[in-house]
Structure formats: structure tokens, C-alpha cells
Amino acid sequence: MNVMNSGRSFSKLTRLGDLIDFRNDIVHPKDNPKGEAIFVGLEHVERNTGIRIGAEKVDLTELTGRRARFFAGDIVYGYLRPYLNKVWTAEFDGICSVDQYVFITRENVDRNYIAHFFRSEQFLKTAPVDSTPGQLPRIRSGEIADTPIALPPLNEQRRIAAILDKADALRRKRKHALDLLDNLIQSIFLEMFGSPESNPKGWKQGRISDLLEDTQYGTSEKAGEKGDYPILRMGNLTADGRMNFESLKYIDLDDKDLEKYTVRRGDILFNRTNSADLVGKTAVFDRDERFAFAGYLVRARVKKGVSPYYVASYLNSRHGKATLRGMAKSIVGMANINAKEMQSIPILIPDAKIQRAYSDALASIEALRAVSKRHMRLLDSSFSSLQSRAFSGQL
DNA sequence: AGAACGAAATCGTCCGCGCC
DNA sequence: GGCGCGGACGATTTCGTTCT
């Protein structure tokens with residue numbers, strides 16, 4: 001049977017269950033396991049990329065619940081909420097949650113090929129997800145085993161997996177480059193202004209209020225899917241001090257409220273209510289379109305000659321974050337910093353000239369970053385097109 | 001209008017129960 | 001009696017409403 005009618009086609013479709021085995025090696029607390037193990041749970045695997053973002057050393061004698069054992073080279077697949085796409089190839093031996101299946105590939109089956117298949121849209125589309133009440137969708141082992149998969153000869157599998165690996169590696173490299181640019185920005189800040197604690201350059205000391213002309217809370221109107229203006233909410237401020245414009249909602253505004261509840265280029269946005277870690281996220285709005293902003297954000301406009309980027313970078317710096325954390329008032333699991341408190345934060349006031357130089361430096365790095373970002377998006381889209389061709393015999 | 005607070009949504013761990 | 005299934009529960013994050 002041919003899978004595709006164009007390009008190279010595979011000779012047959014197989015059951016996924018014929019290519020892999022479930023390891024099913026459970027650690028039971030009641031068996032009194034001894035020693036230590038590395039735990040890699042769902043929380044330690046990044047969604048979509050499958051990159052391991054952590055691990056935990058655990059004492060097996062203190063284990064209270066069941067765990068699954070995995071060994072280096074196994075495919076560890078999070079079958080709870082499969083749309084999160086958490087597929088990790090183990091780099092070492094350890095244990096994971098029982099909401100992860102551990103797979104071993106059989107003879108003549110390339111494990112990278114299988115791992116890529118688990119990650120592919122084809123798999124997510126074909127494997128039926130059971131809808132247990134309570135928002136806990138899972139793909140069951142039987143469904144996984146019955147999923148059809150095209151299986152070319154081993155060398156073909158390797159070739160396809162290698163192409164996908166290469167494309168994936170490019171994405172990671174690009175991501176790394178982006179991280180380096182972020183570090184660069186922080187170094188430039190320190191280089192130009194010196195550490196805020198020791199003030200080696202002897203700048204004038206002041207408070208944030210000295211630099212601001214005006215602060216304003218956003219609208220508390222409820223936002224919806226439709227409306228005249230897109231509205232910026234907490235999620236549109238990233239933890240590293242940027243804006244993103246994803247998952248926007250919309251709102252209608254009276255003309256008289258336009259000035260009050262919308263931002264313009266160069267405004268600072270400050271997140272006054274969030275969890276203790278995220279409260280105080282700050283970013284500069286740098287577009288020309290009109291956006292409204294929500295009530296848990298504070299809009300701050302700087303005085304003439306002040307760089308909003310300097311202020312935002314200061315609040316986002318390690319020192320700034322520590323200050324914010326110290327002053328946040330925590331209630332019911334969330335922290336607050338109101339506009340007055342934010343303005344009372346001490347800050348150094350460097351010359352306008354050097355603030356401008358900082359803005360300029362930042363702008364040129366951001367330009368580089370934008371190029372990198374665009375490149376990243378291209379890589380992403382070519383990766384997913386490669387992926388879909390890979391499993392339909394077109395690679 | 002601004003601040004406080006409650007609720008909802010999301011994610012993931014852990015555990016008990018009943019079935020094969 | 002082990003394991004799959006289903007869900008209780010806690011932590012985190014976001015959003016909406018109520019109070020002052």
C-alpha cells in the first residue's frame with residue numbers, strides 16, 4: 001500500500017505497537033527500593049521541544065507513590081494532556097511519573113525516528129484521546145499501539161530522523177544565539193551605568209517618580225474576542241522584559257477614554273498584580289498602533305530626556321527584581337505593588353546623553369534580535385513542513 | 001478609580017479503587 | 001494482587017468582581 005501518491009513512498013503501514021515495547025518497569029514503594037534516582041517528571045520536559053528543563057534527585061526509600069523506571073536511550077512520552085507534546089529521549093537512567101510511558105524500540109527501528117513520530121502532528125491527530133472529566137485527557141497505551149505508522153527500511157528511518165534532527169539543531173542554535181543577545185543587553189546596562197548598589201559612576205540618586213511625568217492604571221472593562229482596540233494584559237509582558245502580542249483580546253472604548261486607556265510608543269507598562277515571582281514585569285511599548293491596556297497594568301510615561309528603556313531595564317535587572325520582591329505585598333498567593341510604591345523605588349539618574357546612548361545600543365541589539373527571531377520563525381515553519389513530509393513518504 | 005480579593009483555568013503529582 | 005483508570009488535590013497563573 002502506498003502512503004502517498006507523490007514523491008518517494010513507503011512500502012507499508014505498520015502498527016506503532018509492533019515497533020516499540022512498553023517498558024512498564026514500575027518502582028513500588030512497598031518493595032522498599034533503596035538508593036537514589038534522578039526523577040524527570042512531566043514538569044521537567046519542555047512542551048513541544050522535548051528538551052529537558054530540569055530533574056530532581058530523589059531518595060527511593062522516601063518514595064510514597066509509584067514511579068516508572070527508564071534507561072538511557074528510552075523514549076519517555078507524557079501521555080497526560082498529550083497536546084503538550086512532551087516527548088523526551090532519556091540521556092541517563094532514572095525514574096519518571098506514571099503519567100509518562102517509557103518505550104524501547106525494537107530491532108530495525110530507529111529510536112529517533114519514533115521520537116520524531118511521537119512529536120509529529122500526524123500522531124497527535126490520529127491517536128484518539130480519551131476525555132476523562134476534569135480536564136485530564138490522556139492517550140491510552142492501546143491507542144498508541146494501534147496508531148498506524150509508515151516504516152521505511154532502517155537506513156531510510158535514520159536518514160529521515162537525521163534530517164529532522166538537523167533542522168531541530170538549527171532551531172536550538174538560533175535560540176541559543178537569542179539568549180546570548182539577552183546577556184549582552186544586561187552587560188551593556190552594567191557597563192554603561194555601573195552597578196546600582198555601589199554606584200561607581202557617582203550618578204545622582206533619586207526615585208522613579210523623578211523620572212516620570214504620569215502614571216495611569218488600565219481599564220477594568222472586561223475584554224472579549226471582538227472590539228475596536230486590542231488590549232494588552234499581563235500575558236503580553238514577558239518575564240524578561242519584552243512585549244509579545246499573542247492571544248490578544250479586544251475591547252471597545254469611548255472616545256473620551258482613548259487617551260486614558262491606550263498606550264503610545266515609549267510608554268512603560270508595569271505589571272502591578274501577579275504571583276510573587278512575576279509581579280513587577282516591566283516592558284516598553286514600541287509600536288505605533290493603538291492598544292488599550294488592562295487594569296492590572298500600570299502605564300508610566302517618562303519625562304522629556306528620560307529613556308523609558310533605562311527605567312524598564314533597571315526594573316528588570318537583578319537588582320530591580322530584588323527590590324520589587326522585597327516590597328511586594330502578598331495576599332492569597334498573589335503579590336501587589338501599586339503605582340505609588342513602584343514610583344518610590346530608588347534609582348540612579350544618569351545623564352540624558354548616556355541614557356540616549358543606552359537606548360541606541362539597545363535598539364541596535366533589538367534589531368539583530370528581530371532578524372534572529374524572523375530566522376527562528378522560518379526555521380520553525382520549515383521544521384513543521386519537514387515533519388509532515390517525513391511521515392508521509394515525501395522526504 | 002484604585003486596591004483587594006475571590007474564582008477560574010491550567011498543569012502536574014499522587015493515590016485509591018476495582019477489575020482482570 | 002498488580003496495574004490501569006479516574007480523580008482528588010495542590011500549586012501556579014490569569015482574570016473578573018467587589019469593596020472602599
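None of these values were measured; they are calculated from a predicted model. By convention in this document, chain letters (A, B, ...) are assigned in the order of the sequence lines, proteins followed by strands, and residues within each chain are numbered from 1.
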Phosphate OP1/OP2 of [N] contacted by [X] side-chain N/O (<4.0 Å):
{"X": "A:K86", "N": "B:dG12", "value": "yes"}
{"X": "A:S97", "N": "B:dT13", "value": "yes"}
{"X": "A:Q216", "N": "B:dG2", "value": "yes"}
{"X": "A:R233", "N": "C:dC15", "value": "yes"}
{"X": "A:H28", "N": "C:dC3", "value": "yes"}
{"X": "A:N338", "N": "B:dG2", "value": "no"}
{"X": "A:Y261", "N": "B:dA1", "value": "yes"}
{"X": "A:K30", "N": "C:dG1", "value": "no"}
{"X": "A:Y83", "N": "B:dC11", "value": "yes"}

Round to a whole Å and report the spacing from [atom1] of [X] to [atom2] of [N].
{"X": "A:I144", "N": "C:dG4", "atom1": "CD1", "atom2": "P", "result": "12 Å"}
{"X": "A:R272", "N": "C:dG16", "atom1": "CZ", "atom2": "C1'", "result": "12 Å"}
{"X": "A:I337", "N": "B:dG2", "atom1": "CD1", "atom2": "P", "result": "18 Å"}
{"X": "A:L297", "N": "C:dG16", "atom1": "CG", "atom2": "C1'", "result": "14 Å"}

Task: Ring-face cation of A:R287 near A:F245 (centre distance under 6.0 Å, axis angle within 45°) - done: yes
Open item on the list: Check whether A:F383 forms a cation-pi arrangement with A:R171 (NZ or CZ under 6.0 Å from the six-membered ring centre, at most 45° off the ring normal).
Closed with: yes
Protein-nucleotides 18-20 of chain C N/O pairs closer than 3.5 Å?
none

Write down the protein N/O and nucleotide N/O pairs, taken from nucleotides 15-19 of chain B, whose separation is under 3.5 Å; answer none if there are no such pairs.
unit_1, atom_1, unit_2, atom_2, d
B:dC15, OP1, A:T64, OG1, 3.3
B:dC15, OP2, A:T64, O, 3.4
B:dC15, OP2, A:T64, OG1, 3.0
B:dC15, OP2, A:G65, N, 3.3
B:dG16, O6, A:R66, NH2, 2.5

- [ ] Answer with yes or no whether A:R140 presents, from its side chain, a donor or acceptor under 3.5 Å of a partner atom in the base of C:dG4.
- [x] no
Task: Verdict with reasoning, A:D380 to A:R174, per salt bridge (charged side-chain N to carboxylate O under 4.0 Å, His left out) - done: CA-CA 11 Å; A:D380 277 345; A:R174 183 52 60 181; over 6 Å; no
Task: Members of residues 44-63 of chain A that approach DNA chain B, where some heavy atom sits under 4.0 Å away - done: A:R47
TODO: Please check if any side-chain donor atom of A:Y358 sits under 3.5 Å from a side-chain acceptor atom of A:S313, or the reverse.
DONE: yes
Task: Over 12 foreign heavy atoms within 6.0 Å of NZ, A:K303 - done: yes
